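Everything on this sheet refers to the single structure shown next.
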Amino acid sequence: MPVLPAIPPAIHHIVAAVTARITARSAVTRAAYLSHLTAARAQGVHRTALSCTNLAHGFAAFPAADKLVLKQQRQPSVAIVSAYNDMLSAHQPLERFPAIIKQAVRAAGGVAQFAGGVPAMCDGVTQGQPGMELSLFSRDTIAMATAVALSHNMFDAALYLGVCDKIVPGLLIGALHFGHLPALFIPAGPMISGMSNPEKARIRQLYAQGKLGRDELLEAESASYHDAGTCTFYGTANSNQMLMDIMGLHLPGAAFVTPNTPLRDALTAAAARRAVEIAGPGPAYTPVGQVVDEKNIVNAMVGLLATGGSTNHTIHLVAIAKAAGIVIDWNDFNELSGAVPMLTRIYPNGEADINHFHAAGGTGFVIRELLDAGLLHDDVTTILGHSLRAHCQEAFLQGDQTVVWQPAAAGSGDDAVLRGIANPFSTDGGLKLVSGNLGRAVMKVSAVKPQHRSVQAPALLFDSQEAFMHAYTAGELERDFIAVVRFQGPRANGMPELHALTPALANLQDAGWHVALVTDGRMSGASGKVPAAIHVSPEVSAGGPLGKLRAGDLVRLDAESGTLQALVPDHEWAARKQATVDLAANRIGMGRELFQMFRDAVSAAEQGATSFGLPSPASSGDVDHVAEVREAEPFSDEDDLIRKPI
């Protein structure tokens with residue numbers, strides 16, 4: 001275990017102010033959530049609530065020894081909820097995990113059951129395809145599938161197996177709706193490094209220019225994505241894993257250990273044993289709804305900013321927080337970004353991949369540096385107990401199967417990839433909120449050079465990324481412009497990612513043109529060196545003002561001043577009508593018709609683009625009563641959340 005500082009550092013004043021604002025804003029809904037959590041626990045969070053017939057169905061197919069444990073109803077039953085499928089490289093290694101988990105839980109005196117699988121789609125496969133329009137909504141589908149898996153009420157804790165994009169947020173949202181159950185997340189790890197990221201980007205740009213053919217591009221992509229494990233760039237998938245580390249839902253140092261290695265298997269077994277230890281109703285009971293609180297959510301935002309993580313989490317973290325009754329918005333991200341320094345350079349914000357980052361010190365190093373600077377809350381509950389500092393560690397293998405933890409390295413192994421708080425890559429987190437008469441949007445500028453962070457140019461309007469690419473290949477975009485890609489929000493077409501635009505815009509910028517992107521769609525963690533105002537909210541299909549823009553209007557996008565403005569006289573702007581487009585083609589095919597209910601019910605991007613709302617009081621009584629219940633019915637002494645380390 002790391003040595004605790006003699007005097008814990010004072011929390012940074014901006015982190016403290018943002019946390020206080022979120023806590024006050026969330027008071028009623030968080031109290032309602034905790035009231036529901038307490039009620040669920042009181043109603044019976046494990047097998048004792050089931051009738052004999054229910055229980056017999058629940059263990060009918062189990063081996064005799066496991067069945068006996070379940071009959072006795074004394075030892076924990078641990079659910080396994082998995083996103084395994086063998087098409088996704090990141091999830092293929094999860095095939096082996098249930099057997100490892102069952103053996104480890106059995107040895108610890110409990111029983112593990114595979115409770116259910118959840119869907120797992122790959123944005124890398126669906127990119128630019130109709131199936132991508134299901135991607136964002138797959139998050140809420142995964143949350144619902146998680147609820148189905150846990151609905152049998154057989155379990156005292158749950159282990160969640162997932163890695164990528166919408167999958168981990170969906171699993172965590174589902175877990176929080178069963179917040180009375182302890183939850184641990186188990187990653188599969190990144191694939192070993194292949195073709196370098198700069199070389200991959202160079203080949204993509206050459207292909208976009210027509211200087212390389214499809215065969216050469218496919219060969220390069222195959223050399224990049226070549227083995228089992230997560231893609232090695234720092235997109236949404238690896239941002240997910242960093243967040244599970246910094247939120248204390250992983251064992252320390254677990255995120256970036258490669259698949260199918262002895263250490264990976266040993267960490268999986270250790271997580272299974274820890275699930276038994278923190279399961280209810282034992283003395284170390286640690287419900288996930290108590291782990292994910294206001295301070296933990298702020299820690300997640302700080303970690304995302306300090307590492308240059310995916311902009312998708314300006315949507316996903318909002319949704320995760322909402323599931324726990326906590327309300328955050330883009331103002332919170334923006335204010336924290338001004339105080340949180342950038343400690344990493346991982347592609348697309350640098351040249352290194354995630355394996356290089358892990359070898360240089362990884363998340364344990366980042367957590368310690370941020371804690372020592374007062375930029376993270378240490379006084380949070382994690383799966384190890386009450387202190388985030390327990391997660392400032394690296395995992396190593398002792399012998400064949402035993403995991404041991406050592407303090408994170410005192411210094412970075414490569415300061416071109418990872419730096420300490422005294423020598424950051426930049427003094428801010430590289431995420432900017434921009435707003436004006438076109439709405440509100442986020443910009444990730446950590447990979448954008450300062451001279452490109454402000455663009456004023458005529459607007460060119462496109463209603464799809466295909467329309468943009470047609471104009472690009474036709475040679476119509478060799479000029480200064482701001483590309484406005486509309487009708488890409490969740491109500492319009494599910495908010496697909498617009499990765500195809502990145503190489504083309506990068507080529508135009510490299511050629512000396514002043515270009516930028518404004519869209520109510522997403523660019524994800526693969527956004528790069530071109531200025532892009534994304535997630536414009538409200539979206540055009542919800543009446544957002546981006547629909548008033550006309551081709552040729554002068555637009556100013558300025559990350560430094562936080563400006564997203566059409567330079568049109570106010571009287572003219574007020575008189576304009578909203579643009580419309582026929583979206584019928586986005587409604588049918590590739591299963592899209594099944595997701596119409598999500599498009600009809602979805603909230604705005606800044607509200608998490610969710611199909612579910614915030615928790616409300618169980619009755620129509622005075623909301624103050626909910627807060628009183630929270631104070632009057634705390635966890636009892638035997639359920640104290642302060643734990644000894646693993």
Side-chain angles (χ1 to χ4, degrees), residues 1-2 78 80-84 90-91 93-94 96-98 100-101 104-105 157-164 167-168 171-172 175 182-192 228-230 232 234 237-278 286 288 291 296 299-300 303 307 309 354-355 357-368 382-385 388-398 401-409 643 645-646:
M1 289 294 299
V78 178
I80 303 169
V81 181
S82 177
Y84 162 74
H91 291 78
L94 300 176
R96 300 174 52 248
F97 284 23
I100 296 170
I101 290 167
V105 169
L159 293 165
Y160 299 92
L161 315 184
V163 178
C164 291
I167 299 159
V168 167
L171 287 169
L172 183 50
L184 282 83
F185 281 69
I186 301 180
M191 67 178 68
I192 59 175
T230 319
T232 59
Y234 196 43
N238 285 320
S239 296
N240 284 338
Q241 302 312 302
M242 180 280 301
L243 288 171
M244 294 304 98
D245 270 8
I246 208 164
M247 294 176 77
L249 293 168
H250 276 169
L251 290 180
F256 303 123
V257 175
T258 51
N260 303 317
T261 59
L263 179 56
R264 176 82 278 156
D265 290 352
L267 281 163
T268 299
R273 291 191 295 271
R274 187 59 183 165
V276 174
E277 293 171 1
I278 67 173
T286 309
V288 69
V291 171
N296 196 299
N299 283 353
T307 58
I354 201 69
N355 294 316
F357 163 71
H358 183 66
T363 52
F365 179 96
V366 170
I367 294 170
R368 188 200 64 228
T382 79
I383 61 168
L384 298 186
L388 183 59
R389 197 164 288 275
H391 291 259
C392 304
Q393 300 186 86
E394 292 184 70
F396 296 90
L397 197 63
Q398 185 178 73
Q401 297 179 331
T402 303
V403 184
V404 295
W405 280 270
Q406 298 177 9
R643 309 285 171 249
I646 192 170

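Values in this document were obtained by computation on a predicted structure and should not be read as measured data. Just so you know, residue 1 is the first one in the sequence shown, and it goes up from there.
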Testing L263, L397, V403 for side-chain contact (heavy atoms from CB on, under 4.5 Å) with V257, which one passes? L263
Residues two or more places apart in sequence or in another chain: which of them pass side chain to side chain contact (heavy atoms under 4.5 Å, CB included) with D245? H250, A255, T363
Atom pair CG (L267) and CZ (F396), whose distance is rounded to the nearest 0.5 Å: 11.0 Å
Would you say the side chain of P252 lies within less than 4.5 Å of the side chain of E394, judging by non-hydrogen atoms? no
So, do R389 and R368 sit near enough that their side-chain heavy atoms are less than 4.5 Å apart? yes
A side-chain contact here means heavy atoms from C-beta on lying under 4.5 Å apart; do I383 and V288 qualify? no
For the pair F256 and F357, name the ring-plane relationship: parallel under 30°, tilted 30 to 60°, perpendicular over 60°. perpendicular
Worked check of side-chain contact (heavy atoms from CB on, under 4.5 Å) between R273 and V105: CA-CA 6 Å; R273 291 191 295 271; V105 169; over 6 Å; no
What is the minimum heavy-atom distance between L184 and A271, and which atoms define it? CD2-O, 3.4 Å
Separation between CZ of F97 and CD1 of I186, rounded to the nearest 0.5 Å: 7.5 Å
Working for side-chain contact (heavy atoms from CB on, under 4.5 Å), residues V81 and L161: CA-CA 6 Å; V81 181; L161 315 184; over 6 Å; no
If you look at every heavy atom in G309 and S239, which pair is closest and at what distance? CA-OG, 3.4 Å
Just wondering, do I354 and T230 contact through their side chains at under 4.5 Å, heavy atoms? no
Got a sec, which residues hit side chain to side chain contact (heavy atoms under 4.5 Å, CB included) with A300, two or more places apart in sequence or on another chain? L243, M247, L317
Is any side-chain heavy atom of N355 closer than 4.5 Å to a side-chain heavy atom of H358? no
Start with the C-alpha distance between E277 and T286, add both sets of side-chain angles, then the distance that settles side-chain contact (heavy atoms from CB on, under 4.5 Å), and finish with yes or no. CA-CA 9 Å; E277 293 171 1; T286 309; over 6 Å; no
When every non-hydrogen atom of I367 is compared with those of C392, the smallest separation belongs to CG2-SG, 3.7 Å
Could you check if a side-chain atom of T232 sits within less than 4.5 angstrom of a side-chain atom of M191, using non-hydrogen atoms only? yes
Contact summary for A90 and A188, nearest pair of heavy atoms: O-CB, 3.3 Å
Flag the pair L172 / F185 as yes when at least one side-chain heavy-atom distance between them is below 4.5 Å, and no otherwise. yes
Can you name the side chain to side chain contact (heavy atoms under 4.5 Å, CB included) partners of I100, sequence neighbours left out? R96, D265, T268, A269
Euclidean distance, I80 CD1 relative to L159 CG, rounded to 0.5 Å: 6.5 Å
Passes side-chain contact (heavy atoms from CB on, under 4.5 Å), Q241 versus V163? Steps please. CA-CA 7 Å; Q241 302 312 302; V163 178; 3.8 Å; yes
Calculate, to the nearest 0.5 Å, the distance between atoms CG and CG belonging to N296 and L388 respectively. 8.0 Å
d(H391 NE2, T382 OG1) to nearest 0.5 Å is 3.0 Å
For a 4.5 angstrom cut-off between non-hydrogen side-chain atoms, does L251 reach L384? yes
